[in-house]
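Taking it in order: structure first as structure tokens, then the write-up.
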Amino acid sequence: MASFPSSWPCGVVLALLCSLFLLGLASSNVYIVYMGERHTDEPNLLEDSHHQILSDILGSKESAKESILYSYKHGFSGFAAVLSQSQAKLIADVPEVVHVVPNRILNLHTTRSWDFLQVKPQIVDGILSEGHSGLGTIIGVMDTGIWPESESFKDDGMGKFPSRWKGICQEGNRFNRSHCNRKIIGARWYIKGYEAEFGKLSPSDGIEFLSPRDAVGHGTHTSSTASGAEVKNANFRGLAQGIARGGAPSSWLAIYKVCWATGGCSSADILAAFDDAIFDGVDIISASLGSPPPLSTYVDDALAIGSFHAVARGISVVCSAGNTGPYPQTVINTAPWVMTVAASTIDRDFPAVITQGNNQTVVGQSFYTGRGLNKFHPIVYGADIAATNIDGTSAGSCDLETLNATLARGKVILCFQSRWQRSAVIASKSVLEINGAGVIFAQFPTKDVSCPWSFPCVQVDFEAGTSLLTYMAASRKPVVKFSFSKTVIGQQLAPEIAYFSSRGPSSLSPSVLKPDIAAPGVDILASWSPASSYKLLNSPQTKASPFNFKLDSGTSMACPHISGIVALLKGIHPKWSPAAIKSALVTTGKKT
């Protein structure tokens, strides 16, 4: 589960977070009326019964038609509607109703990773070969949509979709039926629940597309990780170069856009997507999204409800575990019937060398490959150039508006992560705004790179940061320069659970072991939406030109790895149930 793109301007991110927080405090306008299993195989009869219940409560069929957003009628029975709290209470007393749930807004939670997992075509008796690359399986991805022009979704060599497929290619803003092909065999988008809470979303500002088209990049990344075709010379600004492919490249993709660039995914929309996915005929549902603790009971959790009915119909559901680690009891999506995926590292890193004026070096990690690196710049500690009336702790972590612009201009700023300011992105934004030359961000040891790619930023551990402070104290005019970041494979010990990956046990059901499994989720290269490039952090050193691949981290990236492997297993054992597939995965080990 990844949040907003790590290199969005901090002011935009903070504004969105604040608005979402304030909206979250208000009582929900939308309620989900859950009625359990269908009592008829006639969807129209179910829909009529839903309208009748609403008409009885609201007083007229016209009011019911205006109120209802979705009628869930394929995988289960229920509906979502705009209601007052008193109306929701009245509906809860209707005998056919199991439960009434307020709408909630959930959050979004490669070239090397599949080879690292030994899922590669060169192994004759390996799972990729024996599973026929996922041939015959359909992976449904619930996310921010898809960028259909990406090379990862070309349909060369793909067969016609199966006769059992009932899905559609739903048109919209910059997306028509021609954007579906023999790879992307279905695409739908859901916004009624989101707009009922937050108001109409306009595509005219260029932030979003009212269609299955992905404006964020997250959905394109997860879809290509699970099922992308082979793409040669894939890279992110020269890093991680190689052949990119998904885990099950011969599987079909069905896209369900339930999350939006302005932040969040409505549970009413998610439940509608589950209902359609069950009807359409997917084999696997991959959902890299969720809500942080406190966890709702399963009957109050739209994702748990939808996944329950999907699994009951033989569809494996794979979900991300959340990104609020390393603390215990933070794992989410803990329903026993879903596969909950933690994030782990792979044996690839991106070292960048910091050379001091005395020719001593310190090694960190960075994604920056732009201009202005290979020359010495003065270095200063953030706490030593605090702005007027700012304490040293805030300036030492390079929080926003804490540094003296005159003293920072043209210098590299050394920043130390603090309890209150933990983000290399915020430190970079702070230094960029006052025309600093670059950032060295000292933090707890971690293998995922959190520095933005578009500004000179090197991430080091506290030991390296402290050695730089020692050098600065001993030198009259301390200076440093950065080397270009490069890609190194095989030197980093892996796998290990990522620092950010949420840990168990489940705070809702402690006796159910969660997460179920871990998969690569740190600095994963996969396809991206070029549209999101225009929203990323710009700097004088680099232009934010569109790119088609991006490195990203999160349990969101781990989840589609397992979705791809499930597709391969279904290719080998098409009659296995979701429980059998889950059991095979979590009880299989590998000798090293």
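The first residue of the sequence shown is numbered 1, and numbering continues consecutively from there.
Between Ser307 and Trp337, the side chains place a donor N or O and an acceptor N or O closer than 3.5 Å (distance only, hydrogens not considered). At a cut-off of 3.5 Å, with distance as the only test, no side-chain donor of Lys550 or Ser527 sits close to an acceptor on the other residue. Side chains of Ser563 and Ser286: a donor-acceptor N/O pair is present below 3.5 angstrom, by distance only. Side chains of Glu151 and Asn548: a donor-acceptor N/O pair is absent below 3.5 angstrom, by distance only. Between the side chains of Ser288 and Ser320, no donor-acceptor pair is found at a separation under 3.5 Å. In this model, a donor atom of one side chain and an acceptor atom of the other lie less than 3.5 Å apart for Lys514 and Thr340. A side-chain N or O of Thr324 and one of Ser502 form a donor-acceptor pair less than 3.5 Å apart.
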Check the pair Arg104, Ser291 against side-chain contact (heavy atoms from CB on, under 4.5 Å), reporting the backbone distance first and the verdict last. CA-CA 9 Å; Arg104 298 182 68 192; Ser291 229; 3.3 Å; yes

Walk me through whether Tyr256 and Val141 qualify under side-chain contact (heavy atoms from CB on, under 4.5 Å). CA-CA 6 Å; Tyr256 301 88; Val141 181; over 6 Å; no

What's the verdict on salt bridge (charged side-chain N to carboxylate O under 4.0 Å, His left out) for Asp283 and Arg164, showing C-alpha distance, side-chain angles and the deciding distance? CA-CA 11 Å; Asp283 299 301; Arg164 62 186 171 89; 3.0 Å; yes

Any chance you could lay out the side-chain contact (heavy atoms from CB on, under 4.5 Å) test for Trp189 and Asp269, step after step, and finish with the verdict? CA-CA 9 Å; Trp189 54 288; Asp269 296 337; over 6 Å; no

Pair Leu295-Thr334, side-chain contact (heavy atoms from CB on, under 4.5 Å): steps then yes or no: CA-CA 9 Å; Leu295 301 184; Thr334 60; 3.8 Å; yes

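Taking each heavy atom of Ile32 and Ala302 in turn, the nearest pair found is CD1-CB, 4.3 Å. Across all non-hydrogen atoms, the minimal contact from Cys265 to Asn107 is SG-C, 4.3 Å. Closest non-hydrogen pair, Leu525 versus His221, comes out as C-NE2, 4.2 Å. Closest of all the heavy-atom pairs between Asn333 and Leu303 is OD1-CD1, 3.9 Å. The shortest non-hydrogen separation linking Ala519 to His561 is CB-CB, 3.8 Å. When all heavy atoms are compared, the tightest approach of Ser553 to Asp523 is OG-N, 2.7 Å.
In terms of the side-chain hydrogen bond (donor to acceptor under 3.5 Å, both in side chains) criterion, residue partners of Arg213 (sequence neighbours excluded) are, by chain and number, Glu149, His179. With sequence neighbours left out, Tyr298 forms a side-chain hydrogen bond (donor to acceptor under 3.5 Å, both in side chains) with Ser509. For Cys559, the disulfide (SG to SG under 2.5 Å) criterion is met by no residue, not counting sequence neighbours. His50 is linked by a ring-ring contact (aromatic ring centres under 6.0 Å, His included) to Phe79, counting only residues two or more places apart in sequence or in another chain. Every ring-ring contact (aromatic ring centres under 6.0 Å, His included) that His573 has, sequence neighbours left out, goes to Trp576. Residues that satisfy the side chain to side chain contact (heavy atoms under 4.5 Å, CB included) test with Pro43, not counting sequence neighbours, are Lys73, His74. The disulfide (SG to SG under 2.5 Å) check on Cys319 picks up nothing, with sequence neighbours excluded. Remark: Pro326 pairs with Tyr499, Arg503 by the side chain to side chain contact (heavy atoms under 4.5 Å, CB included) rule, at least two apart or across chains. With sequence neighbours excluded, no residue forms a side chain to side chain contact (heavy atoms under 4.5 Å, CB included) with Leu513. By the side chain to side chain contact (heavy atoms under 4.5 Å, CB included) test, Asp300 pairs with His99, Val101, Ser296, Thr297, sequence neighbours left out. For Tyr190, there are no ring-ring contact (aromatic ring centres under 6.0 Å, His included) partners, not counting sequence neighbours.
Listed for the Asp280 side chain is no donor-acceptor partner under 3.5 Å among the backbone atoms of Val282. With Lys166 contributing its side chain and Asp276 its backbone, the two residues share no donor-acceptor pair below 3.5 Å. In this structure a side-chain-to-backbone donor-acceptor pair under 3.5 Å is present from Asp275 to Gly75.
Checked against the 6.0 Å centroid threshold, Phe209 and Trp260 do not count as a close aromatic pair.
With a 4.5 Å cut-off on side-chain heavy atoms, Ser529 and Phe547 do not count as touching.
Identified under the disulfide (SG to SG under 2.5 Å) test for residues 502-531, with sequence neighbours left out: none.
Heavy atoms of other residues, nucleotides or ligands lying less than 6.0 angstrom from OH of Tyr34 number more than 12.
Under the 30°/60° scheme for interplanar angles, the aromatic rings of Tyr72 and Tyr70 are found to lie parallel.
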